[in-house]
Amino acid sequence: MNTLLHMAVLALLVLAAFFALWFKDLVSSVIALAVFSVMTALEFYILQAPDVAIAEAAIGAGLSTTIFIIAIRACGKVKKSDGGDGR
């Protein structure tokens with residue numbers, strides 16, 4: 001049972017990493033990275049490292065995802081008044 005759970009979590013880790021690279025939309029990539037962080041936290045918990053799992057869940061999935069989404073939205077709002085893309 002434990003080996004099956006490890007294999008499932010590791011497969012989801014690889015899948016989330018693939019989708020983080022494959023998506024063209026940045027918000028979708030950030031969400032895939034958040035799933036990757038949650039799966040990493042779950043793997044740490046399974047490996048009996050709950051303190052590391054809590055830190056990974058809080059910082060990796062929570063704080064980093066929030067900062068990335070705020071940054072993506074802030075960069076999307078930069079536009080010139082003459083219709084340029086702000087570069």
Side-chain angles (χ1 to χ4, degrees):
M1 175 64 187
N2 201 10
T3 305
L4 182 64
L5 185 61
H6 277 289
M7 290 301 189
V9 170
L10 291 175
L12 287 174
L13 275 169
V14 171
L15 193 65
F18 170 76
F19 280 125
L21 294 173
W22 186 65
F23 285 137
K24 300 293 182 198
D25 182 33
L26 291 178
V27 175
S28 299
S29 292
V30 169
I31 292 170
L33 282 174
V35 170
F36 182 84
S37 292
V38 168
M39 289 296 113
T40 305
L42 182 60
E43 183 66 25
F44 283 138
Y45 183 74
I46 292 169
L47 293 173
Q48 299 178 355
D51 51 343
V52 179
I54 291 170
E56 175 64 29
I59 296 169
L63 186 63
S64 295
T65 303
T66 305
I67 290 172
F68 283 145
I69 290 178
I70 289 170
I72 289 168
R73 294 214 175 169
C75 289
K77 292 181 182 176
V78 177
K79 301 268 186 196
K80 284 186 174 179
S81 61
D82 62 351
D85 61 356
R87 293 183 201 186

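Treat the numbers as computed from the prediction; the structure is a model and nothing was measured.
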Closest contact, heavy atoms only, [X] versus [Y]:
X	Y	result
A20	S29	O-OG, 3.1 Å
M39	V9	O-CG1, 3.5 Å
T65	A34	OG1-CB, 3.3 Å
A53	Y45	CB-N, 3.8 Å

Practice prompt. Walk me through it: do N2 and I46 pass the test side-chain contact (heavy atoms from CB on, under 4.5 Å)?
Written response: CA-CA 8 Å; N2 201 10; I46 292 169; 3.8 Å; yes
Item to complete: Taking the side chain as every heavy atom from C-beta outward, state whether V38 and E56 have any atom pair closer than 4.5 Å.
Response: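 Result no, sub-4.5 Å side-chain heavy-atom pair not found.
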Worksheet item: Cluster question for you: counting only ILVMFWY and a side-chain heavy-atom cut-off of under 4.5 Å, with indirect links fine, are L47 and L5 together?
Response: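 Different clusters: L47 never reaches L5 through Ile, Leu, Val, Met, Phe, Trp or Tyr contacts under 4.5 Å.
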Worksheet item: Cluster question for you: counting only ILVMFWY and a side-chain heavy-atom cut-off of under 4.5 Å, with indirect links fine, are V30 and I70 together?
Response: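 In one cluster with V30: I70, no.
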Worksheet item: Any donor and acceptor pair, going by atom type alone, linking the side chain of S37 with main-chain N or O of L33 inside 3.5 Å?
Response: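 Yes; at least one donor-acceptor contact below 3.5 Å.
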Between [atom1] on residue [X] and [atom2] on residue [Y], distance to nearest 0.5 Å:
X	Y	atom1	atom2	answer
I69	L26	CD1	CG	11.0 Å
W22	L15	CH2	CG	10.5 Å
F19	L12	CZ	CG	10.5 Å
F23	F18	CZ	CZ	9.0 Å
I67	I59	CD1	CD1	10.0 Å
L10	E43	CG	CD	4.5 Å

Fill in: Partner residues of V14 under the side chain to side chain contact (heavy atoms under 4.5 Å, CB included) criterion, sequence neighbours left out
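V14 satisfies side chain to side chain contact (heavy atoms under 4.5 Å, CB included) with no residue once adjacent residues are dropped.
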